[in-house]
Amino acid sequence: MDYQFKEIEQKWQKFWADKQTFKAETNSTKPKYYVLDMFPYPSGAGLHVGHPLGYIASDIFSRYKRLKGFNVLHPMGYDSFGLPAEQYAIQTGQHPAITTEANIATYRRQLDQIGFSFDWSREVRTSEPSYYKWTQWIFMQLFNSWYNLENDKAEDISTLIEKFNSSGSADVKAVCDEDTKSFLPSDWATFTEEQKQEELLKYRLTYLRESTVNWCPALGTVLANDEVKDGFSERGGYPVEQKKMMQWSMRITAYADRLLQGLDTIDWPEPIKEMQRNWIGKSVGASVKFQVEGNDKQIEVFTTRVDTIFGVSYLVLAPEHEWVAELTTPGQKQAVENYIAQTKKKSELDRMADTKTVSGAFTGTYVVNPVSGERVQLWIADYVLAGYGTGAVMGVPSGDQRDWLFATHFNLPIIQILDAQKDIDQQADATKEGKYINSGFINGMTYKEAIPFLNNWLEEQKVGKAKVNFRQRDAIFGRQRYWGEPIPVYFKNNLPYLLNEEELPLLLPEIDKYLPTETGEPPLARAEDWIPAAGGTYELSTMPGWAGSSWYWYRYMDANNNGDFASKEAIEYWKAVDLYIGGSEHATGHLLYSRFWNKFLKDLGYTKEEEPFKKLINQGMIQGRSNFVYRINDADGKPTNTYVSAGLRKEYKTSALHVDVNIVENDTLDLNKFKNWREEYANAEFILEGGKYICGVEVEKMSKSKFNVVNPDDLIERYGADTLRMYEMFLGPLEQSKPWNTNGIEGVFKFLRKFWRLFHNEEWHFHVNDSVPTKAELKSLHKIIKKVQDDIERFSFNTSVSSFMIAVNELTDLKCKNRQILEDMVIILSPYAPHICEELWVLLGNEAGTLSYTKFPTFNPEYLVEDEFAYPVSVNGKMKMNLNLSLTLDQPEVEAILLANEQFQKFLDGKSPKKIIFVKGKIINVVV
RNA sequence: GCUCGGGUGGUGGAACUGGUAGACACGCAGGACUUAAAAUCCUGUGCACCUAAAAUGCGUGCGGGUUCGAUUCCCGCCCCGAGUACCA
């Protein structure tokens, strides 16, 4: 029979599901391998052709690893809490659980059609109570923990209480709020329970704090920094403003250093690591306090070059700094107010983009340099950011170009501080070379000497200290939404208390509407009779989107465990994710939060690995490729009924209109389908080129409104899943972003038919023989064994598809019908095209379902050994001819043969060779 | 501005440590089969020159360098994409 992909694929998908072929066992004599995809949010639109790209790659890898003798864990699930379902609920009144359920069903159907080897017995859904019970449980562990800097890890809060009992707060080294009290054990004993809780909250790894948050009025919720782009929400693009709110936060800053160091131990794409480093934004320096003249205030600045402090010639506050009004003299009041008004007018974007213009205003006030005693002017300028460091900066014009421009512009002194600084009347010189001059008690020191000396001095004088500054802030954890995990906390006397563990999961209550209340409270405030057993009131905000995804890879290890988030044995066995494939858009969100929770769980001894994802691959984004038709407009610019082919459109006045890419093939429009597509085109007329209507092309985001969404279902219907899988890989390197087009899919489909035909005779009857394989057949086979192995291991899937085509072309030409050869071909191809391979495997006489766990053929280099090689002969580096020579020959013999060759003599053109370069098995190059 | 990618035929792309640039496919052209079309199969296909073939020349963003030999290494520049940004 001809290649009946539809029958074959349905048959094997059913077989795999019924037999649970890909169920992973948590104990095995085989080595383990954990392949994870970033689980999807099940959106209403279903999968488009871009989604499966990474899943196909990870599936090929998983299947390959099974064949290589690994016990592979390859699970899938759904990140099913989220905003779109809630927005839909607000509009329609439909409970998000219902739409989510329906969307998941669609996703599952689509995923099953592609033939993935997921172990569905381990499926997780973050919105299921049996799952979010453990998300809540982890929240409780965070609440019950503090970060002890002495041993650099999180500990149970009880060890902190012990310290308070025995020695008070004095020798506690913790990551905590800045306003912690200092007290003796005797003080602690006198604290009321409320006072104690209030103080402990300042140390807990999840805590409540009044903080400035990104408030999105349109969405009615708070957004994390990575959910905001240029002042607009990432989802929906609504304006975001700053607002002060009591909020749950996660003390991720406690882990900043470990998150940074861990990056050096994992095999991730360098750009992602770099993005995380920038996001964390560690800078090592010092904080220094400048005394304000005529005021008791001290302005604290952060600097990475404390050694330049004798070169300070002014100080700058951010215009938004809270002391600006107070520290402005009456004489300068007008100038400062004008300046502030002027900066406010500039949008955030302008302010960031315009880094050339120097601007600022003098406050009239002077501050005193604590090191030199010099008095310097206090300015405000918008190049200082209120949100970073202390919102105040010291200006050292000789060492910093921006300070130099400022000083030059406003006529402030420029003081040389290192003898190695050059041309500082032309520009700043940031050198660390040489010895200090004009620098009081550090004169003559080097950079390396000055830094520790000054840090000590500042600390002794109590005017500063060495300090490490991070750009990253603690992660805000509350969302004023319905469709998220309830936070397992209740309030009494304004203080938060955890539920008892037995009360988990704290279920989402039913409510009548999914909007915030009229008084601006979160939707959960609408829940009636939702009262904690212990009295008081429940926390009304829910967890953010990233909560459920910050630990899900552990749940897969033991997905159905009711007594634990995962058993000790499962965690011990599966350890960490060996290969993680997903998009780079999660660089500073999911991937950072996951690393944080992972480290925390390890600190408490629940898990073993410092890093959750050993190797990360980012698949590229599949963009849309839109097609256009060109409608001709008449002289008055009115649309006509005639459409002109793209190549001829310059001769007319036209409007470009999106046309559904599904009625266009290889950029040629199907005219009948076009007429039937929409009523308005029913009577369309065309101006063709070469008898065809060629459409215009543009690369855009894949979206419904651009009619460029390609759905995997249609392609599977037409070509089958095996073709789709191979074609997506054939498209180009996995990590590269590329526009989708279906132009080459025929080639892949033809290849699979050709492969199928290898096993069949002219009449399409299955036909192989048991002859002894020929040398040529073995060579083809072993070439592809090696190639596919190498390609898969370096994630170069596109090149192995090409190699398969070459191998099948070769074997077809050799008329190979040999069982041994063909059976190995089936195994090698099976990770890419599993359905057709399962079918052929059984036709070859093997037991159904054993293909996935058979052995990948072993590469034998002997079969590739050649005794002859067609040497390219080049003259002066230009290829001229090929010369077939035995590989045993060495240079003198080769030279003799070459010089005797008539054809070669022609190229010499009578001249004699100066030098002959011979590289065995590679090339002969003759220099004339 | 900085950091990281990338620039190769009409198109997607290949060339893994410097060694025959353009594998494999799409598209296109021609042919076979067919009453015809589709499907299938075969042949050709970097560009220029030439009626054609042969030959020759030019060719991996641009300019230079190293080398017997450079898509690959080095220097300078241009362009595209991603990330990030007065970070003190």
Give a yes or no on whether the backbone of A/Val664 and the side-chain of A/Thr668 come within a donor-acceptor separation of less than 3.5 Å. no
Choosing from B/rU3, B/rG19, B/rU20, which nucleotide comes nearest the side chain of A/Pro872? B/rU20
Can you tell me, in whole Å, how much space there is between the P of B/rG59 and that of B/rG6? 24 Å
How should the glycosidic conformation of B/rG59 be described, syn or anti, under the criterion that syn lies within 90° of 0? anti
Taking a pair as Watson-Crick or G-U wobble with both distances under 3.5 Å, which nucleotide is matched to B/rG5? B/rC80
Please say which of A/Tyr719, A/Phe751, A/Trp740 ends up in a ring-ring contact (aromatic ring centres under 6.0 Å, His included) with A/Tyr727. A/Trp740
When you compare B/rA21 with B/rG7, how far apart are their C1' atoms, in angstrom units rounded to a whole number? 16 Å
For A/Asn809 and B/rA25, is the shortest distance between a side-chain N/O and OP1 or OP2 below 4.0 Å? yes
A/Phe918 and A/Tyr871 aromatic ring geometry - parallel, tilted or perpendicular at 30°/60° bounds: tilted
For a quick check of understanding: with a heavy-atom distance under 4.0 Å over all strands, which category does A/Pro733 fall into, base, sugar-phosphate or nothing? sugar-phosphate
Rounded distance in Å between the C1' positions of B/rG9 and B/rG5: 24 Å
Under 4.0 Å, counting only non-hydrogen atoms across every strand here, what does A/Lys282 touch: a base, just sugar-phosphate, or nothing? nothing
In this structure, how many angstroms lie between the C1' atom of B/rA88 and the CZ atom of A/Arg305, rounded? 12 Å
A/Ile745 atom CD1 is separated from B/rG27 atom P, nearest whole Å, by 12 Å
Nearest-angstrom distance from the residue atom CG of A/Asp382 to P of B/rA85: 17 Å
Identify the nucleotide, in any strand shown, that forms a Watson-Crick or G-U wobble pair with B/rU67, with both distances under 3.5 Å; if there is none, say none. none
Distance below 4.0 Å between A/Lys738 side-chain N/O and B/rG13 OP1 or OP2: no
Would you kindly give the CG-to-P distance between A/Asn925 and B/rG18, to the nearest whole Å? 17 Å
Which whole number of Å gives the distance between the C1' atom of B/rA82 and that of B/rC68? 41 Å
Verify the contact: side-chain N or O of A/Arg471 to OP1 or OP2 of B/rU84, cut-off strictly under 4.0 Å; return yes or no. no
Rounding to an integer number of angstrom, what distance separates B/rA53 and B/rG44 when you compare their C1' atoms? 14 Å
Using the side-chain heavy atoms of A/Ile923, tell me which of these nucleotides is nearest: B/rA14, B/rU20, B/rC16. B/rU20
With respect to the phosphate group of B/rA14, does any side-chain polar atom (N or O) of A/Asn798 fall under 4.0 Å of OP1 or OP2? yes
Describe the nucleic acid contact of A/Lys914 in one word from base, sugar-phosphate, nothing, applying a heavy-atom distance below 4.0 Å. nothing
Does any donor-acceptor pair link the side chain of A/Asn743 with the base of B/rC26 at a separation under 3.5 Å? no
Choosing from B/rC4, B/rC24, B/rU20, which nucleotide comes nearest the side chain of A/Pro271? B/rC4
Is A/Lys754 atom NZ crowded by more than 12 heavy atoms from other residues, nucleotides or ligands, each under 6.0 Å away? yes
Measure from the side-chain heavy atoms of A/Ile917 and tell me the nearest of B/rA88, B/rG19, B/rU20. B/rG19
Tell me whether the OP1 or OP2 atom of B/rG81 has a side-chain N or O from A/Gln623 closer than 4.0 Å. no
Would you measure the distance from the P atom in B/rA15 across to the matching atom in B/rG22 and give it in whole Å? 13 Å
What are the two closest non-hydrogen atoms of A/Lys880 and A/Val875, and how far apart are they? CG-CG2, 3.8 Å
Rounding to an integer number of Å, can you tell me how far A/Arg794 CZ sits from B/rA14 P? 10 Å
Between B/rC87, B/rA25, B/rU40, which nucleotide has the shortest distance from any of its atoms to the side chain of A/Leu385? B/rC87
Are any of A/Arg757's side-chain N or O atoms less than 4.0 Å away from OP1 or OP2 of B/rC41? yes
Length of the CE-C1' vector between A/Met726 and B/rG12, whole Å: 16 Å
Sugar-phosphate only, base, or nothing, as touched by A/Glu735 at under 4.0 Å among non-hydrogen atoms: nothing
Between A/Tyr388 and B/rA88, is there a contact of a side-chain N or O with OP1 or OP2 at under 4.0 Å? yes
The reported gap from CG in A/Asp400 to CG in A/Asp429 (rounded to nearest 0.5 angstrom) is 11.5 Å
Taking A/Asn627 for its side chain and A/Val661 for its backbone only, find out whether a donor-acceptor pair lies under 3.5 Å. no
Mind checking if A/Val927 touches a base, just sugar-phosphate, or nothing, with heavy atoms under 4.0 Å? sugar-phosphate
A/Ile414 versus A/Ala407, closest heavy-atom pair with distance: CG1-CB, 4.2 Å
For the student: nearest non-hydrogen atoms of A/Thr390 and A/Phe302, plus distance: OG1-N, 3.9 Å
Between CZ of A/Phe797 and C1' of B/rG12 the distance, given in whole Å, is 19 Å
Gap in Å between the two P atoms, one belonging to B/rU40 and one to B/rA25, rounded: 14 Å
Output a table of nitrogen or oxygen pairs between the protein and nucleotides 53-58 of chain B separated by less than 3.5 Å.
none

Distance between C1' atoms of B/rA23 and B/rG46 (Å, rounded): 14 Å
Any base atoms under 4.0 Å from A/Tyr871, or only sugar-phosphate, or nothing? Heavy atoms, all strands. nothing
Rounded to the nearest angstrom, tell me the gap between atom CE in A/Met805 and atom P in B/rC26. 7 Å
With a 6.0 Å cut-off on ring centres, are A/Trp764 and A/Tyr3 close enough? no
Please give me the minimum heavy-atom distance between A/Ala430 and A/Arg305, naming the atom from each residue. O-NH1, 3.2 Å
Checking base pairs now: Watson-Crick or wobble, both atom distances under 3.5 Å. What partners B/rU56? B/rA48
